[in-house]
Amino acid sequence: MKKIIFALMLLLSSVQLFAQSNDVEMADALRSNGKIYVVVICIVLILVGLLIYLFSLDKRLKKIEKKSSDKN
């Protein structure tokens, strides 16, 4: 019974995908003006910043773990 309900929920959620149109007017306007590159660069910069932050946080955590294991 749970499998049938789950399958129906998935089927109903996929019906919404067919209702969407394929036209993305904002992206077309940005692409025609050449501003899409600015958007892409901003997204890349944000992701690179997040990755740098996560790697530096990982290094600091490794140092703390190493100090903690040396004390014990």
Side-chain angles (χ1 to χ4, degrees):
M1 185 68 182
K2 288 182 182 179
K3 290 181 181 180
I4 294 172
I5 292 173
F6 184 68
L8 286 174
M9 286 175 44
L10 286 176
L11 182 65
L12 290 175
S13 67
S14 66
V15 171
Q16 292 177 354
L17 296 175
F18 294 118
Q20 296 177 358
S21 65
N22 289 334
D23 299 332
V24 183
E25 296 172 9
M26 183 177 57
D28 290 338
L30 287 174
R31 194 177 303 121
S32 67
N33 294 337
K35 294 180 182 178
I36 192 74
Y37 301 113
V38 175
V39 174
V40 171
I41 289 172
C42 289
I43 291 172
V44 168
L45 285 175
I46 290 170
L47 289 177
V48 167
L50 283 172
L51 285 174
I52 290 171
Y53 173 72
L54 287 175
F55 281 120
S56 67
L57 190 64
D58 185 48
K59 280 184 178 181
R60 284 188 260 160
L61 283 174
K62 283 182 183 179
K63 285 181 185 179
I64 292 171
E65 287 175 352
K66 193 173 184 180
K67 286 181 184 179
S68 155
S69 66
D70 288 343
K71 288 183 181 179
N72 295 332

Peer 1: Quick one: list whatever passes salt bridge (charged side-chain N to carboxylate O under 4.0 Å, His left out) with K62, sequence neighbours left out.
Peer 2: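 For K62 the salt bridge (charged side-chain N to carboxylate O under 4.0 Å, His left out) partners, ignoring immediate neighbours, are D58.
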
Peer 1: What residue pairs, at least two apart or across chains, pass salt bridge (Lys or Arg N to Asp or Glu O under 4.0 Å) with a residue in residues 31-48?
Peer 2: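 Applying salt bridge (Lys or Arg N to Asp or Glu O under 4.0 Å) to every pair that reaches into residues 31-48, excluding sequence neighbours, yields D28-R31.
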
Peer 1: Nearest 0.5 angstrom please: S69 OG to I64 CD1, how far?
Peer 2: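 Here the interatomic distance stands at 12.0 Å.
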
Peer 1: Which residues end up grouped with L8 if you chain together Ile, Leu, Val, Met, Phe, Trp and Tyr wherever their side-chain heavy atoms are less than 4.5 Å apart?
Peer 2: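 Members alongside L8: I4.
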
Peer 1: Connecting only ILVMFWY residues whose side-chain heavy atoms lie within less than 4.5 Å of each other, what is the rest of L45's hydrophobic cluster?
Peer 2: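 For the cluster that includes L45, the remaining residues are I41.
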
Peer 1: I need the L61 CG to L54 CG distance, nearest 0.5 Å.
Peer 2: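 One finds 10.5 Å between CG of L61 and CG of L54.
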
Peer 1: Could I get the full list of side chain to side chain contact (heavy atoms under 4.5 Å, CB included) partners for I43, not counting sequence neighbours?
Peer 2: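 I43: side chain to side chain contact (heavy atoms under 4.5 Å, CB included) contacts with V39, L47.
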
Peer 1: What residue pairs, at least two apart or across chains, pass salt bridge (Lys or Arg N to Asp or Glu O under 4.0 Å) with a residue in residues 39-56?
Peer 2: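 Those involving residues 39-56 do not exist here.
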
Peer 1: Which residues pass the side chain to side chain contact (heavy atoms under 4.5 Å, CB included) test with I52, not counting sequence neighbours?
Peer 2: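 If we apply the side chain to side chain contact (heavy atoms under 4.5 Å, CB included) test to I52, skipping adjacent residues, the hits are V48.
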
